[in-house]
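To start, the structure under review is shown below, and the notes come after it.
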Amino acid sequence: MAAARPTVFIVDDDSSVLRSLARLARQAGYEPRTFPSAEQFLASQTAPLTQPACLVLDLTMPGLTGLELQQRLSPSPTACPIIFISGNGTIPATVEAMRRGAVTFLSKPFDDVDLLQAIAEAVAKHRQVLADGAQVQAIRDRINLLTEREHAVMAWVITGALNKQIADRLGIVEKTVKVHRARVMDKMRVTSVAELVRLCAAAGFAAAQP
């Protein structure tokens, strides 16, 4: 089954800009989706993005501006990278857009090659974000398989504590710690404490506090 084409969302209050950029994106192999306002784009985002995408966003529009939309989208872990375009962007606005993580800022009229290069960069960046997110979720799924006691043992294992020390902390015998430790390593699919520490750090699993 062929992979879905990356989506290029285009938000601009100028209908002629929407048409020309959609045509350009389509010819380059992307799936364009156009919106005449930031509000309409927001209304369309009913679920987290699961496929690579980017957003070509006009800076200055009636109602919700490009910068305000960028701020609304920033809390989402899967929000797609933004390419700002503007015919009258100010230096402070440009600086603010870039500070918040925009891929680039293109002044109208811009060269098609520059936009396509920015889109390719943004899509590649989003593809990596989605891959990283999927990896973290897979680790969290493994953690969810652990029992409450295995959670407690793992929290101590990643501190570097020995089995005897963990047994003392949890009030159980050392033999029981060994059993739980082996189950943790098996469920987490790791063969070393170093690898377990790396997975826990990636998933945000907190180590025990001595």
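As a basis for the values below, the full set of heavy atoms in this structure was taken, side chains included, without hydrogen atoms, waters or symmetry mates.
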Check D13 against M61 and note the closest heavy-atom contact, atom names and distance. OD1-CG, 3.8 Å

Within residues 40-68 or reaching into it, pairs that qualify as ring pair (Phe, Tyr, Trp, His ring centres under 6.0 Å) - sequence neighbours excluded: F9-F41, F35-F41

Is I85 reachable from I10 through a run of I, L, V, M, F, W or Y residues, each pair having side-chain heavy atoms under 4.5 Å apart? yes

If you count heavy atoms of other groups shown closer than 6.0 angstrom to CD of E148, is the number above 12? no

Would you say L55 and Q70 make side-chain contact, with heavy atoms under 4.5 Å? no

Which atom names give the shortest non-hydrogen contact between E150 and L145, and what distance separates them? OE1-O, 4.3 Å

Shortest non-hydrogen separation from A38 to V11 and the atoms involved: N-CG1, 3.7 Å

Report yes or no: do V190 and W156 belong to one cluster of Ile/Leu/Val/Met/Phe/Trp/Tyr joined by side chain heavy-atom distances under 4.5 Å? yes

R140, CZ atom: more than 12 neighbouring heavy atoms under 6.0 Å: yes

Stepwise side chain to side chain contact (heavy atoms under 4.5 Å, CB included) check, M154 with L196: CA-CA 9 Å; M154 185 167 76; L196 182 64; 3.7 Å; yes

Should we say atom CZ of R142 is surrounded by more than 12 heavy atoms from elsewhere, each under 6.0 Å from it? yes

On a heavy-atom basis, the closest approach of I83 and C54 is CD1-SG, 4.3 Å

Residues 16-27, side-chain donor-acceptor partners within the protein, below 3.5 Å, at least two apart:
| residue | atom | partner | partner atom | Å |
| --- | --- | --- | --- | --- |
| S16 | OG | D14 | OD1 | 2.6 |
| S20 | OG | S16 | O | 3.2 |
| S20 | OG | V17 | O | 3.1 |

In sequence, state the C-alpha distance, the side-chain angles, and the governing distance for F205 and I139, and then conclude on side chain to side chain contact (heavy atoms under 4.5 Å, CB included). CA-CA 10 Å; F205 182 86; I139 297 170; over 6 Å; no

Answer yes or no: does atom CD of Q117 have more than 12 heavy-atom neighbours from other residues, nucleotides or ligands under 6.0 Å? no

Checking the side chain of Q40 only, and the main-chain atoms of S37 only, is there a donor and an acceptor separated by less than 3.5 Å? no

Measuring from L146:CG to D186:CG, what's the distance to the nearest 0.5 Å? 10.5 Å

Membership question, hydrophobic clusters at under 4.5 Å side-chain separation (ILVMFWY): are V197 and I143 in the same one? yes

Please set out all donor-acceptor pairs under 3.5 angstrom arising from side-chain atoms of residues 160-184, sequence neighbours excluded.
| residue | atom | partner | partner atom | Å |
| --- | --- | --- | --- | --- |
| N163 | OD1 | R181 | NH1 | 2.7 |
| Q165 | OE1 | L162 | N | 2.7 |

Determine yes or no for a side-chain-to-main-chain donor-acceptor pair under 3.5 angstrom, with H126 supplying the side chain and P81 the backbone. no

Nearest heavy-atom pair of A208 and T159: which atoms, and what distance? O-CG2, 3.5 Å

